[in-house]
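Below you'll find the structure, written out as structure tokens, and then a few comments.
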Amino acid sequence: MFSTATRTALPRTATRAFSASARANAETLVFLETKGDSLVPSAANAITAAKKVGGKVTGLIIGKDEASVKPAVDRAKKMGLDALLVRTSPALEHALAEPTAPVFAELVKKGGYTHFAAGHSALGKNLFPRVAGLLEVQQISDVMSIQDENTFTRPVYAGNAISTVKSTDSIKLFTVRASTWEPAQEGDKEAEVDVKEAENVGPAQAEWVSEELVKSERPDLATAPTVVSGGRGVKSKEAFDETIIPLADALGAAIGASRAAVDSGYADNSLQVGQTGKVIAPNLYVAVGISGAIQHLAGMKDSKTIVAINKDADAPIFQVADVGLVADLFEAVPELVKKVEEAKK
Ligand code: FAD
């Protein structure tokens, strides 16, 4: 069910009036998140959203020094940007919010940008509210579409309604839902790269200790074209590994899970799909032993084709499924794996 609500933000700072020609005069800065020395996949989606605003689009990459982000810069400069800023400081190595947010606020103010965008990732969600606070503007979160340079749509009530936000702030600060924007592609045109030491680095109020990354050769869940997810119906971690993983292998898919499967220890919590997990829209989503609670649907209902396997014919997942199989997953999934493998021969 989709309905539309309109919320108008109060003007806080000096308001720049947008006219018909404003779109061409818009200047968007887009933060391009990196992991290690590479761009994260959702950075390419954020570029597409930034381009939708119209006008000039400048990318922003931060890092400890120039060498530490070189592969990301080499890729980003070919992604159709008008310019690319690289700002470095040892304090920015892990993009902790306290040192980084004042750097962003300063760049936006000094550069005269009308829009500042980023992916709606854990990092975007941590950094952007602070930047919004420093700039005294509102943040518009999880943007799904941009109607004009002032008007954005975003999901509310776990994606059951779409809110249209008209902002009158002088700077529109927004994060974008990666799955609703096609990723920008690399082309021949190269943006000019401006590398400088970061200005206005904030205080080191938090210390980066360590991180444990799940290493996997599998496609990234957030951007994979095919996802196989398992739910509580799979019943154990062993059964998850013996049913969901072979099906994902056969289909070349990323693995996802419901929150109940994650809470039961069948899958890592980085694989959770839903309102409090990842929001994805693959071409094919296969839900195995998942009932289809509203919080799970919030993370996958925009998938192009949804296949559900569940032994309960009344399970709500069948209401959103394009193809439904009422069957015991322990019989149906091995049979499906066999058929997929045979079809590949
Ligand atoms: P169940 O609801 O227990 O469903 C299991 C299904 O497996 C059943 O439909 C059953 O018929 C089927 N089944 C059992 N055995 C078999 C078999 N042998 N063969 C075939 N089918 C079988 N959930 C999320 O997934 N993601 C979220 O991000 C999320 N966020 C939440 C946020 C909040 C604030 C709250 C309150 C809840 C959230 N939840 C989330 C939890 C959500 O409400 C559900 O509890 C959860 O999605 C249920 O997971 P499930 O479908 O795997 O389990």
Side-chain angles (χ1 to χ4, degrees), residues 1 42 119-122 124-125 141-142 144 154-161 175 177-180 214 220-224 226-248 250-251 253-282 284-303 306-340:
M1 180 197 68
S42 61
H120 192 67
S121 61
K125 284 186 255 185
S141 297
D142 214 6
M144 298 170 70
R154 57 177 301 264
V156 289
Y157 304 120
N160 281 293
T175 57
R177 175 175 281 211
S179 60
T180 58
V214 180
D220 176 41
L221 173 60
T223 51
T226 306
V227 173
V228 176
S229 280
R232 181 154 38 202
V234 178
K235 293 195 174 61
S236 69
K237 164 136 184 55
E238 293 68 36
F240 193 96
D241 292 350
E242 283 162 19
T243 52
I244 304 304
I245 293 179
L247 183 55
L251 293 170
I255 292 177
S258 70
R259 178 157 149 183
V262 168
D263 289 349
S264 306
Y266 307 168
D268 188 83
N269 77 357
S270 62
L271 302 184
Q272 184 175 315
V273 173
Q275 184 185 334
T276 43
K278 298 216 163 61
V279 177
I280 57 174
L284 174 62
Y285 186 83
V286 185
V288 181
I290 293 178
S291 59
I294 188 167
Q295 296 89 354
H296 187 79
L297 301 186
M300 44 62 73
K301 69 175 164 38
D302 293 329
S303 305
I306 298 172
V307 175
I309 303 174
N310 197 305
K311 67 177 184 185
D312 174 8
D314 294 326
I317 191 78
F318 289 126
Q319 287 168 21
V320 296
D322 301 286
V323 179
L325 181 60
V326 180
D328 186 325
L329 71 93
F330 297 105
E331 288 168 19
V333 172
E335 209 174 310
L336 188 55
V337 172
K338 220 167 112 197
K339 288 267 192 292
V340 174

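We use all heavy atoms of the structure for the numbers below, so side chains are in, but hydrogens, waters and symmetry mates are not. Whatever order the structure lists them in is the order used to number ligands and atoms, beginning at 1.
Scanning all protein heavy atoms for the shortest distance to atom 48 (C) of ligand 1 gives A260 CB, 3.8 Å. Atom 52 (O) of ligand 1 has as its closest protein heavy atom S258 OG, 2.5 Å.
At a 4.0 Å heavy-atom cut-off, ligand 1 touches A293 through the side chain alone. Neither the backbone nor the side chain of A257 comes within 4.0 Å of ligand 1, counting heavy atoms alone.
Ligand-side atoms of ligand 1 in range of T276: 27 (C), 28 (O), 29 (C), 30 (N), 31 (C), 32 (C), range being under 4.0 angstrom from any heavy atom. Using a 4.0 Å cut-off to heavy atoms of G233, the atoms of ligand 1 that qualify are 5 (C), 7 (O), 13 (N), 14 (C), 15 (N), 16 (C). Atoms of ligand 1 lying under 4.0 Å from at least one heavy atom of G231, given by number and element, are 52 (O). Annotation for ligand 1: atoms under 4.0 Å from non-hydrogen atoms of V273 are 24 (C), 25 (O), 26 (N), 27 (C), 28 (O). Taking a cut-off of under 4.0 Å to the non-hydrogen atoms of G289, the atoms of ligand 1 that pass are 5 (C), 6 (C), 7 (O), 21 (N), 52 (O). Remark: ligand 1 atoms within the under-4.0 Å shell around heavy atoms of F330 are 18 (N). Atoms of ligand 1 lying under 4.0 Å from at least one heavy atom of A327, given by number and element, are 19 (N), 20 (C). Taking a cut-off of under 4.0 Å to the non-hydrogen atoms of Q275, the atoms of ligand 1 that pass are 27 (C), 28 (O).
A distance of 12.5 Å separates OG of S291 from CG of D314, quoted to the nearest 0.5 Å.
Considering each of K235, M300, R259, the one bringing a non-hydrogen atom nearest atom 23 (N) of ligand 1 is R259. Between the choices I309, N310, D312, D263, the shortest heavy-atom distance to atom 9 (O) of ligand 1 belongs to N310.
Closest non-hydrogen pair, A261 versus A257, comes out as CB-CB, 4.1 Å.
Of the possible polar contacts, one joining the T175 side chain to the D142 backbone as a donor-acceptor pair under 3.5 Å is found. One N or O on the side chain of K278 and one on the backbone of S270 form a donor-acceptor pair closer than 3.5 Å.
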List the atom pairs, donor and acceptor, that lie under 3.5 Å between side-chain atoms in residues 318-339 and the rest of the protein, sequence neighbours left out.
from: D322; atom 1: OD2; to: I306; atom 2: N; distance (Å): 2.7
from: D328; atom 1: OD1; to: F330; atom 2: N; distance (Å): 2.8

